[in-house]
Each structure stands twice: as structure tokens, then as C-alpha cells.
Amino acid sequence: KDALPPALSQSTTQPVKAAEIGKDCKACHEATVESFALNTHGKSAKFMEGARSASCETCHTNSAKHVESGKKEDILSPAKMSSREINSSCLQCHSQDKHTFAWKGGKHDRKDVNCLSCHSQHHSKSEEKLLARPTTEETCLSCHTSVRKAQFQRSTHLFRTEHRNMKVGCTSCHNPHGGDGDKMLVDTTVNNVCYGCHAEKRGPFLWDHPPVRENCMNCHAPHGSNNAKLLTARAHLSCQQCHIHMLPRHSTTAGKPLDIWSLNRGCVTCHSQVHGSNHPGGRTLSR
Amino acid sequence: VISVLLFTPPAWGQESEKDKPKPKAKTSARDKAKQKTEIPSAIHGTVEIGVRIREIQGGHTDKFQEVRAVPKGFFVQKLKLDYNSADSPYTFSLRGLEIREPDQRITLDLWKIGKYRSQFVADQTPHRFGTGQSFLQQTSPGVYQVSATLRASLQALTGSDLVRTPANGALPTLVRQELRTAPLTQVRLRRDQALFRQSYQISDNVELHGQFSWLRNRGTRPMSAGSFVRRPFAANGIADIGGIWEGIGQEFLEPIDQRTYGFKIGARFHGEKWSAGVDYDLSIFRNRVESLIFENPFRVTDEQGCTPNATPPPPLTCGASNRFRQIRWQTDLNPNNDSHRITFWAKVDLTPQTQVRGLFSLAYWTQNDAFLPWTLNTAIRPTDWHTASPITNPRDVNQLPALSLNGKMRDVNQQYALVDRRKKFQFQAQYRSQSVDNQSPVLDFPGYAAFGDTTWRAPVTDFYNLPIENLDWDFRRQNAEAGFEWDILPQLTWKVDYEWEGWNRRQRDVNRNNEHSIRNRLDFEYNLSGGKKNSDETQEDGPVSVTTLRLKLDYRYANRRAIAYNTQPLSFNANFPGSPAGGPTTAFEVLRTTVMNRGLGIEFNLLRRYDEADRTRNEGSVTVELLKGPNTSFSASYRFLGDEHDKRFYGRLSNRFSYIDAEFSHAFENGSFFYASYSREMNRFTYRDLAHLLPNPAAPPGAIVQGVLAQFPTANTWERTSRSSLDSFQFGINAAPMEGKLQNWQFDLSYALSFTRDRISTVNPFTVRADSIIHAGVNPYPDTVVRRQDVNLVITRRISEKYEIGVRYWYEPYTQDDFSFNVLAPYVHGTVTSDAPKYLFQDARYASYHANVASVFLRYTF
């Protein structure tokens with residue numbers, strides 16, 4: 001205690017609840033009870049009051065009979081419950097959180113994903129959030145296998161450092177417990193999520209580009225892409241799907257591999273302000 | 001030293017096998033460590049340091065470190081310090097990753113359970129684009145200049161050269177010579193961000209929280225301007241667009257020095273059956289380099305282009321010639337902007353089975369940066385292009401219709417849901433809407449300087465008399481969903497969903513469209529082991545081997561219809577002159593009498609934009625999972641998404657996506673783990689396009705409007721298909737023997753392959769017109785191939801209770817063959833086709849490489 005920062009040293013002198021966590025359980029489940037006492041739930045049993053205090057009984061009901069008989073079938077364990085029962089058990093406390101605002105009826109809930117699909121109370125492998133796998137990304141990608149490939153695509157948001165740490169992880173954009181928007185996004189819309197890191201695209205601009213304003217995903221694939229800049233299609237192929245310009249200077253051409261429409265950034269080579277321009281002469285998003 | 005540590009058994013206090021008393025059970029260092037950690041301890045930590053060597057082979061190799069840093073030499077990979085005691089309500093955690101490297105991350109978390117929590121994150125991410133070379137040098141933030149001597153020399157050469165410049169002519173020779181001695185510049189950005197979050201529990205029912213975030217993006221990235229050095233050359237005619245092109249644009253380094261500040265405060269309230277909250281967000285974006293000025297390498301004197309009001313009238317080829325004849329050009333960079341948002345949310349559990357909830361969010365985005373002048377070109381005179389132009393000095397910002405936009409946009413988001421869940425049934429209904437209202441004033445511009453600031457474009461000359469105005473378009477997107485779920489059998493669940501999505505748009509092609517979709521899902525789970533469940537596993541009895549089969553079927557049909565697709569009123573011509581024999585003779589034309597619709601895009605009337613137009617979508621998937629006990633699993637899935645658009649029109653015709661994957665994983669009894677997965681993704685999209693005539697031969701000679709009276713002959717139709725595939729394969733094995741000679745060793749091997757091929761094919765359904773071969777005639781595209789492999793081997797050995805040592809080898813070969821980026825020489829001239837001969841590229845790009853990285857590390861855990 002002496003080695004601790006003052007705030008922490010002081011904390012240990014505060015009175016704590018006298019109740020010993022898992023007193024009856026410890027005889028048979030010693031390691032589990034000891035590790036439980038160190039995690040968030042175990043601590044809540046000791047340092048929080050009322051309904052927010054989670055003891056063994058909170059999840060494992062009917063424990064008295066189990067203690068008496070020693071039979072595993074006499075105690076209720078979340079691992080033996082249905083998804084709905086597991087979720088109901090956890091939501092007793094966690095339904096009050098903002099991040100579970102849209103859990104009920106949400107994508108994961110409707111696909112029978114339950115809390116224990118991702119979290120493990122007693123066998124957590126992560127450093128935080130009691131995840132059943134070492135990282136958030138591994139947790140998500142174990143089911144969302146089609147996104148896993150994005151890690152190695154030509155352009156990707158799921159890039160990793162040398163030591164496999166992900167900078168922009170799944171939860172940077174998604175809230176696995178519900179979210180405020182479609183696709184379990186952390187914000188209300190795709191664009192609002194993107195503006196979180198790319199506020200320069202928010203404007204408003206003198207010359208806006210309507211599809212850009214409506215949905216960044218009209219042109220970009222946020223997880224990963226075979227094209228540069230997370231584009232859903234090569235730059236000039238992307239533009240030509242919507243533009244057959246009537247100004248003959250920009251006749252939409254079938255094109256050649258090395259013509260000005262195809263080289264480098266394609267159309268964006270000249271129309272560099274494709275997300276919007278604030279220049280009085282920027283009507284064509286070129287300055 | 002490393003070899004000794006790795007391959008000699010007793011080291012650093014580890015107990016030798018032969019030193020152990022025989023009766024005593026073998027105890028590995030890992031076991032000791034495990035025993036140690038089982039005793040509750042307050043402070044734990046990990047430090048991992050090492051030394052790294054790195055070799056990268058290839059030309060433009062920056063892709064390897066595009067968004068990460070792998071420096072040579074000493075590194076601190078991980079620093080971790082935790083305080084956690086069962087006797088204390090406090091938890092403290094400090095994490096550091098990739099310390100002192102450009103991609104480092106530090107997090108700090110202090111938590112008093114049930115009372116408050118403080119979190120801090122600092123993160124850096126590099127972004128490398130490659131090495132650029134240019135004689136444009138930044139002399140002050142956002143100002144790029146070229147030696148006046150060089151500019152004078154190049155102007156002299158362009159002025160006297162009246163024929164197409166040969167590849168080795170005086171002009172390109174001088175440009176190349178200067179570029180050889182131009183300094184090389186690392187083109188890169190660095191994103192630094194920090195975040196502090198604080199929550200405080202006032203009482204059991206009230207929590208306050210706040211957050212401050214800061215993000216800084218600094219450096220440079222490639223940017224370009226499509227300005228031209230072009231002079232009239234009458235003999236060239238339409239076969240070569242007209243004129244002599246000495247330059248069609250140049251790249252330079254966009255200076256980035258941006259900051260985004262975020263503030264958020266909020267409160268959460270809750271009772272036994274309800275919770276609610278309110279949040280206020282303020283986001284401030286500031287750009288310290290608000291504009292960019294660069295000099296024209298080919299000019300020392302300002303000049304304007306070939307003016308249409310000259311006497312005598314200019315020749316036909318003069319219309320767009322003499323471009324890019326100004327000394328300086330200025331572009332606006334991202335303007336400063338602010339966002340204010342307030343969000344209310346609430347949910348109530350009406351009964352244990354029924355919940356209603358709602359969220360309302362109101363945001364305003366504002367922007368009021370001062371406008372830049374139309375041009376810096378001192379020679380340009382708008383009246384030379386449009387005699388009635390009211391603009392006398394386009395360099396004077398006071399002649400703009402406003403000095404700034406005073407832009408304002410309102411974003412309202414709402415979400416309401418009702419969920420009811422019974423024992424075997426579930427029902428939910430949800431409504432969601434986003435409404436973006438552009439409240440910025442509409443400004444009517446009398447014209448603007450374009451094409452390298454050498455021409456003046458006005459409504460009458462270039463835009464069919466349509467005003468040059470910023471449209472106050474806005475939109476509202478609404479979604480209403482209803483879903484029903486029924487557990488028909490304990491093993492079988494049926495889910496059905498209906499969704500309606502409606503868009504209301506203003507000032508776009510489609511004012512309103514509706515999409516209805518219905519989705520059916522069947523989830524089936526069958527226990528092949530008869531009754532037992534994997535969850536019957538207990539800590540004491542060990543795992544119960546149960547085989548489970550899961551099957552999921554999902555199908556969705558959606559149909560989107562536009563109420564009306566608004567188009568410009570082009571005229572139909574059934575017998576368009578000059579049509580090739582045997583082909584279609586029809587065309588749509590803009591006539592001199594055509595009155596265009598204000599507020600609509602100036603586009604071909606048969607174009608249908610895929611994000612607004614009619615669409616039929618079929619989407620489905622099949623997933624099979626086989627779980628054998630808790631240790632073995634196999635899964636395979638197939639997914640399909642097909643969009644079909646109206647084939648009678650132009651634009652996107654179809655988009656088909658399919659995906660198949662298979663995965664196997666197995667955890668061995670000794671703790672080792674193996675996995676392998678393969679996936680193939682295929683995407684094919686097709687669209688129809690058309691090359692209109694250039695220039696319009698039907699317009700009267702000398703008329704300025706001739707250049708915009710577009711004609712769209714059906715014969716010039718072309719279609720393009722892009723078929724891209726992505727094969728991905730990964731496998732890995734992690735072996736950590738629990739006993740035997742290797743019980744202190746851990747082996748981790750992984751391999752990943754990502755292989756992409758993009759095939760583009762373009763066809764002409766008809767014989768194209770003889771005067772449009774360059775633009776309408778199709779050409780073969782080479783395949784684009786990108787292949788990345790990643791081999792990673794880590795061998796770790798525990799040498800004592802607290803120390804581990806390891807080696808890591810990482811091999812990453814990357815192949816990129818993409819015609820769009822393969823030939824970006826700093827001055828492309830004469831080496832490729834005539835349409836792209838003279839672009840001043842930076843040559844900052846990515847190409848193939850092979851990277852080898854080896855490191856040795858020491859991990860200390862306490």
C-alpha cells in the first residue's frame with residue numbers, strides 16, 4: 001500500500017462491505033471465486049450497494065440447493081441458459097447503460113447472439129471488457145468472417161501495427177450492443193460516424209456533392225477495398241456510373257488504360273475537391 | 001547470446017530437470033507463473049523490449065509502412081502496469097504499445113467502481129504516400145513556387161513551339177533535366193489524437209459524463225490540379241481533341257495542418273424500469289492552411305486564353321485553347337467548420353417483455369470561411385468571354401455575391417422502437433429518420449474563372465443559361481421496419497421482417513423514391529449427440545463432447561421505385577446525320593432553343609443514377625456450422641447480393657456480389673490451437689455509357705454555345721464490366737505444450753494470403769461514329785492484380801517465472817500491378833498514348849515490395 005499513489009492508498013482504508021464474496025462457493029470453486037473478486041462484477045459485490053451489487057447469486061440462482069446437494073444440476077448457470085435468458089440475466093443491471101440502448105430487437109439480439117457469445121465472466125482472455133477472446137477484433141471477426149479479409153486488402157481501415165494491434169477497430173464505428181444507427185453504428189448515420197475522424201469533410205460547402213453528403217458508402221467501402229482509398233470501384237469507374245456529362249469538354253469516354261481519365265486518381269486528379277468545395281470557382285469541385 | 005538463451009535448457013535461475021528431486025512432480029516455469037498469478041496481487045505489469053532488423057526490397061516500398069511504423073533497432077513493444085485489488089474499489093491501468101514509434105498508443109484508466117472513471121488515450125498513426133519529386137517548392141505554408149528562371153525558359157519554349165512537341169524535344173528535355181536535380185520529398189502525414197473521458201456517478205440513479213478529444217493531422221499528401229498548357233493547332237481537329245498539350249495538370253503536395261476539437265457532456269438517469277439521457281456534442285474543425293497557391297512552371301507572365309469575342313472571330317479550335325496561362329493558381333482547402341448537436345434518448349420497460357425507446361438528435365453544422373477571389377490571373381477579363389458580364393475585376397472579392405457562405409445545415413435524426421418478447425414469439429417495430437436541411441443561402445454567381453484561370457465561364461456561355469448557383473438541396477431518409485420471430489420448435493426459429501425505406505430529395509434527379517423489402521430467415525440447430533449440451537462442461541468434469549449442427553438460411557427481396565426521374569428536356573432525333581450504316585440512327589440533342597430545367601444536374605436524359613433510380617435487389621445466404629465439442633468447429637457460408645437496374649437506360653445496369661468461405665478450427669488437448677480459412681469474394685458490376693459528340697458539328701461556326709450543344713448518338717454507346725475477385729486464405733497454429741521438453745516454449749505461426757484480380761472489359765454494341773472513335777471506341781484494359789502475403793512466426797520461451805524471451809520473423813511480399821499507377825513518372829511525355837502525355841506527377845506512389853523483419857524480444861512480467 002505504501003507504494004501506491006495517494007488516491008489508491010486512501011481507497012484501501014475506506015470501509016468495505018463485510019460480506020465475503022462467494023463464501024459458500026469457495027470451498028469447491030476457489031480459483032473462480034478468487035478471480036471473480038478481482039473483476040468488475042466481483043468488486044461491485046463488495047463496494048456497491050443494492051441492485052447494482054453483483055454476487056455469485058446474481059447469475060447463479062438456486063445456489064442454496066446446490067451448496068447443499070453439490071449437484072451441478074441444482075444450480076442455474078448462464079452457460080446452460082438460452083440466449084434470451086442469458087441476456088435477460090445480464091440486462092438486469094446493464095439495461096440502464098447508454099451503450100445497450102438499442103440491444104433489444106437489435107441485430108445481435110435478433111441473431112441469437114448472447115452476452116456469453118463475446119464475454120466470459122470467469123474465463124476471460126482479454127485485458128478488459130471480460131471478453132472471451134483476447135481482443136475486441138478477434139471477438140467480432142470470429143463470426144464476421146467476411147470482414148476478416150479486409151485486414152490484408154489493398155486499402156483497409158482494419159490495418160494493424162507490426163505487433164498486430166488494430167488502430168481503427170470494430171468498436172471505433174460499431175456498437176456491438178446496439179448503437180444509435182443502422183448497422184449498429186456508434187452514431188446515427190454512416191456520415192456522422194465518418195465525420196468523427198474526418199471532420200474536414202463535414203462542411204457545409206459552397207458546392208456540395210449530394211451523394212457524398214448522403215452516404216460516404218456510395219463511393220467507399222469502409223472495411224477494406226481492392227482499390228485505393230477504400231473506393232468501391234476504381235476512381236473513374238466509380239464516377240462514370242453517375243456522370244455522362246453534357247459539357248463536351250468532359251465527354252465520358254470508353255477510355256484507354258493510360259488516358260487522363262484512367263491514370264492516377266482518375267477524375268479526382270483534376271476534380272480534387274470531390275467531397276465539396278468552398279471556392280467561388282469550385283462549381284466543378286476542381287479547386 | 002540469443003541462441004544461448006533460447007536453446008540451452010537452464011537459464012536465468014530456471015530449475016534444471018536433472019537438479020530436481022525425482023519424486024517431485026515436474027513444475028514448469030509456466031506452472032509457477034500460473035500459481036503465482038492465482039494469488040491475488042495488487043500490482044502487475046509487463047514490459048516487452050527488443051531489437052529489430054528490417055530489409056525491404058522494391059521500388060516504391062512505402063506501402064509496407066503506409067499506416068504503421070516498423071523502424072530498425074531497439075523497440076519497446078509493450079508497457080503495462082495494472083493495479084487491481086479485491087480490497088480496493090480502485091482499478092488502475094496503464095498501457096503503452098509501440099512506445100516511441102510513430103504508431104504508438106498509450107492508454108490510462110483509473111476507475112473507482114460505482115463512483116467515477118477516468119480514461120485517457122493518446123494515439124499516433126503515420127500515413128506514408130511515398131517519395132515525391134517536383135520543382136515546385138513550398139516557400140510558406142500553402143505556397144509553392146518554381147524558379148523564375150526555369151519558368152522563363154519553359155515559357156520561351158512553349159511560345160515558339162507550334163507543332164506537337166516530340167518526346168525528346170527541347171521542352172520535355174528541359175523539364176526532365178530540371179526534375180533530375182529537384183529535391184526528393186517524403187510525402188507523409190501523421191495523425192495524433194488524444195482523448196480524455198470522465199464519468200461520475202452522482203447517485204445510484206444519476207451519472208454525469210464528459211469527454212474532450214483532440215485530433216491533429218499534419219504533413220503533406222499528393223494533390224493535383226487539372227490545368228492545362230494548351231495552344232491552338234487548327235490542323236489537329238477533333239481527332240485529337242484539338243490543340244497542343246504541353247501539360248495537362250500537375251501534382252503538388254497538399255499541406256495539411258488540421259485540428260479537430262471535440263467536447264461532449266451528458267447525463268444519464270435511470271430507474272428500475274427506465275433510463276434516459278441527454279448529450280451535447282461540440283465539434284470544431286480548424287484548418288491552419290486554408291488555401292493553396294502554386295505557380296505555373298510554364299509561365300512568367302499572366303495571360304488569358306483564346307477569347308471568343310476577339311475580332312476577327314477565332315477559329316473553331318480556339319474555343320478552349322491557351323489554357324493555364326496564369327502565373328499563380330489558387331485553390332481552397334477544407335474550410336473551418338463547427339458542429340453542435342444535442343441528443344435525447346429514453347427507454348422504458350413497460351412490462352418485463354415489452355420495451356419502448358426513442359432517440360432524438362438535433363445538429364447544426366456551420367461554416368463561414370471567407371471566400372477566396374475567383375482568380376489570381378491579372379490578365380483575365382470576363383467581358384472578353386461574356387460581353388454582358390458585370391464583373392470588372394475577378395481578383396476582387398468584393399465583386400463576389402457574398403464574402404462568405406454563412407453556411408448552415410441542420411441534421412435531425414430520430415429513432416423509435418417497440419420490442420415485445422414472449423416465450424416463443426418476438427415482435428419489434430422501428431422507425432428511423434434522418435433529415436438534412438441545407439439552410440445555407442443560395443448565391444447566384446455571374447461566372448467564374450476556369451481552365452487554369454484562363455477563361456471566364458458564364459451561365460450563357462457554358463451552362464445553357466442556367467444560373468451558376470449553389471443548390472439548396474436537402475433530403476430526408478426514413479426507414480420503418482417490422483419484424484416477427486417465432487420459435488416453431490426448440491431447434492427451429494423463423495424470422496420475417498418487412499422494411500420500407502423512403503427518400504425525399506430536393507434539387508436532385510428523383511424527388512421521392514420508395515423501397516419495400518421482405519426478409520425471411522430460418523435458424524436451425526440440431527444436437528447430433530442427443531440431449532447433451534456443450535454447456536454441460538464443468539470445471540471439475542472437463543468438457544463434454546457434443547456435436548452440434550447449425551444451419552441458417554436467409555433471403556431478402558427488395559424493390560425500389562422512383563416516383564419520377566427528372567431529366568433535362570433533350571430532343572429526340574430519329575435520323576441523326578452521320579450515323580454509321582447498319583446501326584442505330586437515333587440521338588438525343590440539346591438544341592439552341594432548348595430551355596433547361598433549373599435545379600437539375602446537366603446530364604444526359606437517359607442516365608439513371610444508381611443511388612436514386614429503380615432497383616431490384618435479391619440477397620441471400622446459407623450458413624452451416626458444425627461444432628464438435630468445445631474444441632472443433634467447421635463452418636461454411638455462401639452469400640449473394642444482386643442489384644438489377646432498368647436495362648433500358650444508361651448508368652449502372654447491375655451489380656452482383658457473391659461470397660463463399662469455409663473455416664476450420666481445432667483446439668488440441670495440450671493447449672495448441674489450429675485454424676484455417678478460405679474465402680472468395682466476387683463482384684461484378686456493369687454499366688452503360690455513351691460518348692457524345694465533341695465538338696458539336698451542328699452548331700454554327702464561331703458561336704460560343706457550340707461547345708455545349710451536346711448530342712448523344714445512340715451509336716456511340718459503350719458498356720463496361722468490372723469483375724473483381726478476392727481470394728483470401730489464412731491459417732495459423734499456436735502450440736504451447738503443457739508438458740515435456742517443450743513445456744516452456746510457445747510457437748505461433750500464421751500465414752495470410754490476399755489475392756485480388758480486377759478484370760475490366762469494355763464493348764461497343766454498335767459501330768461507333770467515325771468522328772468519335774477516340775472517345776466512344778473501346779480499348780482493352782489490362783488486369784489489375786494485387787497480392788499480399790503475410791508470414792509471421794513467433795517463438796517464445798519462458799526462461800523463468802518472470803522472464804520470457806522470443807524471436808519473431810515476419811515476411812510480407814506485396815505485388816501490385818495496376819495500370820493507373822504503374823507509369824506515374826514525374827514527367828510523362830511521349831512514352832504513353834497521346835491523351836496523357838504531359839502530366840507533372842510527383843511519383844509518390846506504391847508498388848511491389850518484399851519485406852523481411854526479424855526481431856528478438858524480452859518480456860518481463862511481474
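Here is how names work: the chains are called A, B, and so on, in the same order as the sequence lines, proteins then strands, and each is numbered from 1.
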Point to revise | Centroid separation B:Phe445 to A:Trp207 less than 6.0 Å | key: yes
Check your understanding: Among side-chain atoms of A:Gln241 and B:Arg609, is any donor-acceptor pair under 3.5 angstrom?
Key -> no
Review point. Between the side chains of A:Thr161 and B:Asp103, is a donor N or O closer than 3.5 angstrom to an acceptor N or O?
Key: no
Point to revise | Modelled atom types, side-chain donor and acceptor of B:Asp411 and A:Asn192, under 3.5 Å | key: yes
Check your understanding: So, B:Glu603 side chain and A:Ile244 main chain: donor-acceptor pair closer than 3.5 Å or not?
Key -> yes
Practice item. Among the options B:Met409, B:Gln568, B:Arg105, pick out the one with the most heavy-atom pairs lying under 4.5 Å from chain A. Key: B:Met409
Check your understanding: Is A:Glu127 salt-bridged to B:Lys78, going by a charged N under 4.0 Å from an acidic O?
Key -> yes
Practice item. Is it possible for you to check whether A:Arg234 lies under 6.0 Å from the centre of the six-membered ring of B:Phe819, through NZ or CZ, and within 45° of that ring's axis? Key: yes
Check your understanding: Going through the checks in order, is the salt bridge (Lys or Arg N to Asp or Glu O under 4.0 Å) test met by B:Arg95 and A:Glu128?
Key -> CA-CA 11 Å; B:Arg95 301 268 189 286; A:Glu128 54 185 6; over 6 Å; no
Check your understanding: Taking the side chain as C-beta and beyond, is there a heavy-atom pair between B:Ile113 and A:His41 under 4.5 Å?
Key -> no
Review point. Is the cationic atom of A:Arg283 (NZ for Lys, CZ for Arg) positioned less than 6.0 Å from the six-membered ring centroid of B:Trp374 and within 45 degrees of its normal?
Key: no
Check your understanding: For residues B:Ser88 and A:Lys43, is any side-chain donor paired with an opposing acceptor at under 3.5 Å?
Key -> no
Review point. Does B:Lys112 reach the side chain of A:Phe47, with side-chain heavy atoms less than 4.5 Å apart?
Key: no
Review point. Where do A:Asp208 and B:Asn470 land on the side chain to side chain contact (heavy atoms under 4.5 Å, CB included) test, with the steps shown first?
Key: CA-CA 8 Å; A:Asp208 253 322; B:Asn470 57 320; over 6 Å; no
**Study point:** CA sep, side-chain torsions, deciding dist, call: B:His270, A:Lys98, side chain to side chain contact (heavy atoms under 4.5 Å, CB included)
**Key:** CA-CA 10 Å; B:His270 65 83; A:Lys98 170 67 167 65; over 6 Å; no
**Study point:** Pick from B:Gln430, B:Arg268, B:Gln415 with the largest number of heavy-atom pairs that fall under 4.5 Å of chain A
**Key:** B:Arg268
